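Please read these numbers as outputs of a predicted model, since none were measured by experiment.
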Amino acid sequence: MHAQVLDRLGTAICGGELPPGAVLNIDDLVDRYAVSRSVVREVLRVLASIGFVETRRRVGVMIRPIEEWNVFDPQVIRWRLASVGRITQLRSITELRAAVEPHAALLAAERVGHDEASDLVGLAAKMWAAGKAGDEERFLELDIEFHRRVLIASGNEMFVRLQSLVAEVLTGRHEHHLMPHHPHDQALHLHAEVAQAIQRRDGERARRAMVELMAQAFDEMRAIWEQAGDVAGA
């Protein structure tokens with residue numbers, strides 16, 4: 001019950017159903033979700049820990065503006081992707097990835113071990129096979145693992161912490177039908193090129209290929225937004 005109430009409140013806040021400045025009443029939440037006061041209090045404690053709410057004297061529990069949220073929390077990303085604001089969330093995360101992942105690929109080419117580099121090339125080959133076979137679930141699993149390994153291979157502990165963020169956005173794109181049913185050949189080719197450049201220790205080529213891969217992700221999303229007539233993607 002705790003998890004269900006937390007997800008429903010989190011998604012409602014992210015979607016604007018509960019806007020900044022709105023006041024939450026514990027008794028109302030108890031009645032609405034048919035749970036105990038202790039469950040509600042624990043949910044509010046979690047929401048407070050990620051910057052969603054704060055308690056003000058003589059006011060109560062108030063929704064905080066997005067500027068106060070921990071937008072890097074995977075749970076927050078998941079709620080935003082499940083809300084009406086998913087396009088904005090996808091865009092902001094992809095912009096962040098475009099800034100970080102190319103440099104992570106460059107560093108990986110300098111720092112990766114031989115076995116790890118070989119594994120990355122093998123992983124890209126498996127992605128190619130899954131993409132060509134139209135196995136969306138398998139491709140998603142491999143795609144998440146590929147980007148996770150590049151971030152780890154960078155040797156930068158702050159980049160590594162972004163792996164859960166990348167996993168959430170890739171999963172969200174899949175769950176909300178914001179990616180092609182069959183990966184474009186160019187995307188498959190670029191994953192392979194990133195891996196091969198890292199294995200050859202060609203950092204600049206790995207960086208350029210990852211830049212192209214991020215641009216490809218933007219193009220894929222833009223095409224889907226336009227097809228759906230989503231003005232947010234214009």
Colleague: Any idea which heavy atoms bring V53 and L24 closest together, and the distance?
Modeller: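 In terms of heavy atoms, the two residues are closest at CG1-CD1, 4.2 Å.
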Colleague: List the atom of R201, the atom of R111, and the distance in Å for their closest heavy-atom pair.
Modeller: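 The pair with the smallest heavy-atom distance is NH1-N, 4.1 Å.
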Colleague: Below 4.5 Å, heavy atoms only, C-beta onward: do D27 and V40 meet side chain to side chain?
Modeller: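 Not touching, per the 4.5 Å side-chain cut-off.
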Colleague: Between R208 and E204, is there a side-chain N and carboxylate O pair less than 4.0 Å apart?
Modeller: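 Yes, charged N to carboxylate O under 4.0 Å.
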Colleague: Run the salt-bridge test on R138 and E136 with the 4.0 Å N-O cut-off and return the result as yes or no.
Modeller: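 E136 and R138: not salt-bridged.
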Colleague: Check M127 against F139 and note the closest heavy-atom contact, atom names and distance.
Modeller: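 Nearest pair, atom of M127 first, then F139: O-CD1, 3.5 Å.
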Colleague: Crowded around E110 CD? As in, over 12 foreign heavy atoms under 6.0 Å?
Modeller: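 Count over threshold, so yes.
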Colleague: Does one side chain, of Q163 or H147, offer a donor that lies under 3.5 Å from an acceptor on the other?
Modeller: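 No, no side-chain donor-acceptor contact under 3.5 Å.
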Colleague: For a side-chain contact (heavy atoms from CB on, under 4.5 Å) with R80, tell me which candidate from I66, I13, T11, I93 qualifies.
Modeller: I66
Colleague: Test N156 against H103 for side-chain hydrogen bond (donor to acceptor under 3.5 Å, both in side chains), laying out the working first.
Modeller: CA-CA 10 Å; N156 182 303; H103 196 66; over 6 Å; no
Colleague: Are any of the side-chain nitrogens in E212 or R205 under 4.0 Å away from the carboxylate oxygens of its partner?
Modeller: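 Yes, charged N to carboxylate O under 4.0 Å.
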Colleague: Under a 3.5 Å cutoff, is there a donor and acceptor pairing between the side chains of H174 and D143?
Modeller: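 Their side chains do not contain a donor-acceptor pair, so the 3.5 Å distance test is not met.
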Colleague: Taking all non-hydrogen atoms of both residues, which atom of F218 and which atom of E95 are closest, and how far apart?
Modeller: CZ-CG, 3.6 Å
Colleague: Can you name the closest pair of heavy atoms from L120 and A195 and give their distance?
Modeller: O-CB, 3.7 Å
Colleague: Please state whether the rings of F52 and W69 are parallel, tilted or perpendicular, taking 30° and 60° as the class boundaries.
Modeller: tilted
Colleague: Is it true that atom CZ of R161 has more than 12 heavy atoms of other residues, nucleotides or ligands lying nearer than 6.0 Å?
Modeller: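 No, the 6.0 Å shell around CZ holds no more than 12 heavy atoms from other groups.
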Colleague: Does the side chain of R56 come within less than 4.5 Å of E54's, by heavy atoms?
Modeller: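 They are in side-chain contact.
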Colleague: Indicate yes or no: does D73 engage R78 in a salt bridge with an N to O separation below 4.0 Å.
Modeller: no
Colleague: Minimum heavy-atom separation for V84 to G15, with atom names?
Modeller: CG2-O, 3.5 Å
Colleague: Does the side chain of T171 pick up a donor-acceptor pair with the side chain of E168 at under 3.5 Å?
Modeller: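 Side-chain D/A pair, T171 to E168: absent.
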